[in-house]
Amino acid sequence: MNNIPISVVTGGAGFLGSHLCDKLINNGHKVICLDNLITGSLENISHLFGNENFKFVKYDVTEFIHIEGRVDNILHFASPASPIDYLKLPIQTLKVGSLGTHKALGLAKAKGARFLLASTSEVYGDPEIHPQPESYWGNVNPIGPRGVYDEAKRFAEALTMAYHRYHGVDTRIVRIFNTYGPRMRLNDGRVLPTFIGQALKGEDLSVFGNGSQTRSFCFVDDLIEGIFRLLNSDFKDPINIGNPDEITILEFAQEVLKFTKSKSKIAFKELPVDDPKVRQPDVSLAKKILDWEPKVSRSEGIKITIDYFKNKIKD
Ligand code: UDP
């Protein structure tokens, strides 16, 4: 019994954090989930209540984290993560990326635990290299509205590498590209739940700018599998996990209309400041190091997600 891995997931009640808790529990871990619930939700983890291998603690990880006993892994996923959320919560976003990462790394050092940082494709900003390999240093506006998230995550990567180099902490960094699936919030402002919600309610789909900007969407199960493989690898440098299947936002709106069989129209709205014009992960490193590549196509993943949101809207 004693060698069951014990893993702490910060932000464990969020979209990605909750799927990660499931994955770890299904693979024989005990999970301690920390979340202050500012963007996470108990609904995402309610199915785990009563499981003897799962414990939830409502906690703000920008404060000193104390956990009794052994801890083997710390997966730091706490942060507002959609542009709307981090524009609403700019200081909290900066704090959890900086102070929160510091506290989580401090815990890893004290416990001799492995640490995995949830970083982001936003470290590449509005990229001048396409697709984006991990070797690209990025093009981020530090003082623009998105800077609160991008710079917090860049700082978090720097701090993680410093703890690795100077304190010998066993670290991993995943750069997560646009991900979607069940447990996203309909109103988190991200393009996929927004379009699906609008299409299901018969409202106009709000395409920002002329919709020529691109994104590449990864289904959550694929992403979580990649992260789990990274955790179990010995790879220390940042690694992209995402689906390279790139699409313009306008084409994506048309695809959502088709899959929902909606009669909604498209309405063009103002493009947000510093909105990246293109984004596509170069996943050759993940293929090579983790033997990982995405398996779920956008059409399969979107159908699953549409069914999830249909039920949400009914409730
Ligand atoms: N977007 C859009 N309509 C919306 C929400 C987003 O056209 O209602 C666009 C947004 O301008 C961006 C892309 O969709 O170009 C993806 O935005 P999202 O907020 O999902 O995340 P990002 O990839 O920008 O972090």
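First listed ligand is number 1; within each ligand, the first listed atom is number 1. Every value quoted in this text rests on a predicted model; they were computed, and no experiment measured them.
Here the shortest heavy-atom pairing between I45 and A13 reads CD1-CB, 4.0 Å.
Between E122 and R279 a salt bridge is recorded (basic side-chain N to carboxylate O distance below 4.0 Å). Salt-bridge check for E151 with R154: passed, with a basic side-chain N closer than 4.0 Å to an acidic carboxylate O.
Hydrophobic cluster membership differs between L48 and Y59, with clusters built from Ile, Leu, Val, Met, Phe, Trp and Tyr side chains linked at under 4.5 angstrom.
For the ring-ring contact (aromatic ring centres under 6.0 Å, His included) condition, no pair includes a residue of residues 262-315, sequence neighbours left out.
Taking the ring centre of F228 as origin, the terminal cationic atom of K23 falls inside the region bounded by 6.0 Å and 45° from the ring axis.
Protein residues with any heavy atom under 4.0 Å from ligand 1: P83, E122, R146, N178, G189, R190, V191, T194, F195, S206, V207, F208, Q213, R215, I249, P272, D275, R279.
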